[in-house]
Amino acid sequence: MSHSVDTAAVVAAITETLGRPQAFIPLHEPQFVGNEWNYVKDCLDTGWVSSVGKYVDRFEADVAEFCGVKHAVAVVNGTAALHVSLLLCDVQPGDEVLAPALTFIATANAIQYCHAVPHLVDVEETTLGLSPSALDAYLAEIVEVKDGSCWNRQTGRRIAAVIPMHTFGCPVDMDAMLAVAEKYCFAVVEDAAESLGSYYKGTHTGNFGRVAAMSFNGNKIMTTGGGGMVLTNDSALAKRAKHMTTTAKVPHRWEFAHDMVGFNYRMPNINAALGCAQLERVSQSVTEKRALFAVYQVAFAKIDGVSLFAEPENCKSNYWLNALLLDAPDLTVRDAILAATNDAGLMTRPAWSLMHHMAPYQDCPRMDLSVSENLLQRLINIPSSPQLLDGSHA
Ligand SMILES: *Cc1c(COP(=O)(O)O)cnc(C)c1O
């Protein structure tokens with residue numbers, strides 16, 4: 001077949017872009033070159049390492065300011081942030097929640113933690129995120145809006161929410177997404193785990209849904225070791241998020257009284273200290289990531305059969321992970337490139353397994369997922385650490 005791609009040229013394009021800073025080049029590596037030591041040491045020196053301390057409040061305020069969102073509530077990880085976000089949107093046991101088939105499994109897991117059912121939606125090639133137009137056409141066939149709620153006529157279940165996920169930092173088409181959610185009367189929860197520093201039409205991701213979830217896992221654009229954040233512009237929801245994630249304890253000087261089954265999801269102070277330092281440099285990281293994208297784009301323009309995924313108009317991606325796309329779906333070619341690059345010490349990997357390809361979610365309700373299936377056979381993530389251009393030809 002004429003799909004073949006020169007795998008040696010792909011290896012050369014990456015190596016020429018990066019130089020050879022080290023023998024093995026991971027997909028994404030954290031960088032600790034700012035105030036991390038100072039702030040973490042301060043936690044140890046003062047003894048404030050755990051559930052109380054000034055860095056949690058500061059980190060929440062700093063993230064809210066950076067994202068231009070009214071409220072941010074720090075939690076233990078991005079999955080917990082998603083779980084709480086869905087509960088804040090009143091997702092009930094037995095409800096369905098729409099989510100992309102192409103995502104990290106945490107998106108679907110958070111739905112399952114609510115005893116709700118993930119209902120899988122296809123993505124679009126322009127953003128790699130959920131396709132509002134395909135979803136609209138699909139829902140027109142299968143749902144009924146009644147008394148301000150959306151009902152799946154095939155399963156009899158309520159569709160309570162949708163989770164657009166900003167894939168590799170590229171924003172979903174949120175205007176169209178919000179229009180669909182309004183038309184069919186369900187809540188929008190953004191999975192902004194990968195999109196700190198990404199903007200849709202000039203507004204930071206995480207501002208569009210009723211609630212949004214962010215992750216600061218070790219592989220994300222900035223890290224707190226492990227951590228997450230619930231974002232919202234709704235003050236009542238923010239208050240509830242704080243309450244739910246701090247064991248629902250009623251404030252009192254000595255009583256232990258809790259008014260609901262809450263969660264111990266609060267971010268420890270020592271992790272927040274790391275976060276404060278990381279956030280001080282996140283704009284710099286985004287600038288470096290975008291510079292790396294631009295150099296890669298030139299390098300791959302010369303190679304037949306592949307191109308580098310680029311943000312659509314009106315969007316600014318953080319380019320958390322760069323993605324190569326084969327012109328044609330071909331697992332043999334994809335796997336040959338994965339083998340050649342990894343053999344050469346360049347870490348690459350395919351997209352996540354699609355949700356319905358994995359045991360826990362194989363029986364989920366779903367629409368036609370042909371774009372997701374197609375992209376799975378074409379997509380390869382390549383090394384994307386912000387510091388990679390240092391010391392090469394930068
Ligand atoms: C990383 C990630 C999460 C989960 O975040 P954790 O902090 O690892 O729990 C959720 N969704 C997506 C899309 C992610 O990439």
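All ligand and atom numbering here is 1-based and tracks the order in the structure. Keep in mind the model is a prediction, meaning the values are calculated, not measured.
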Identify the closest protein heavy atom to [atom]: which residue and atom is it, and at what distance?
| atom | result |
| --- | --- |
| atom 9 (O) of ligand 1 | T79 OG1, 2.5 Å |
| atom 5 (O) of ligand 1 | S215 OG, 3.2 Å |
| atom 10 (C) of ligand 1 | A106 CB, 3.6 Å |

For A80 and ligand 1, answer yes if some heavy atom of the residue is under 4.0 Å from a ligand atom, otherwise no. no
Salt bridge check, [Y] against [X]: does any charged N sit closer than 4.0 Å to a carboxylate O?
| X | Y | result |
| --- | --- | --- |
| R58 | D62 | yes |
| E125 | R378 | yes |
| E65 | K70 | no |

Check this for me - ligand 1, [X], N or O atoms closer than 3.5 angstrom, yes or no?
| X | answer |
| --- | --- |
| T103 | no |
| W320 | no |
| E194 | yes |

Go through R210 and E190 one step at a time and tell me if the salt bridge (charged side-chain N to carboxylate O under 4.0 Å, His left out) criterion holds. CA-CA 8 Å; R210 193 181 295 170; E190 290 176 77; over 6 Å; no
Please answer whether the main-chain N or O of R157 pairs with a side-chain N or O of T155 as donor and acceptor at a distance below 3.5 Å. yes
Is a side-chain N or O of N269 found less than 3.5 angstrom from the main chain of Y55, in a donor-acceptor match? yes
Could you name the option among K220, M229, H166 that has the heavy atom nearest to atom 2 (C) of ligand 1? K220
Of the choices T167, I105, V75, D191, which has the non-hydrogen atom that lies closest to atom 11 (N) of ligand 1? D191
Kindly determine whether E144 and R153 satisfy salt bridge (charged side-chain N to carboxylate O under 4.0 Å, His left out), including the steps that lead there. CA-CA 7 Å; E144 170 182 32; R153 285 190 280 107; 5.3 Å; no
Provide the number and element of each atom of ligand 1 under 4.0 Å from a heavy atom of [X].
| X | result |
| --- | --- |
| N77 | 7 (O), 9 (O) |
| G78 | 5 (O), 6 (P), 7 (O), 9 (O) |
| G227 | 7 (O) |
| A193 | 2 (C), 3 (C), 10 (C), 11 (N), 12 (C), 14 (C) |
| N217 | 7 (O), 8 (O) |

Under 3.5 Å, is there a donor on one side chain and an acceptor on the other for D122 and S372? yes
Can you list the residues that meet the salt bridge (charged side-chain N to carboxylate O under 4.0 Å, His left out) rule with K249, with sequence neighbours excluded? none
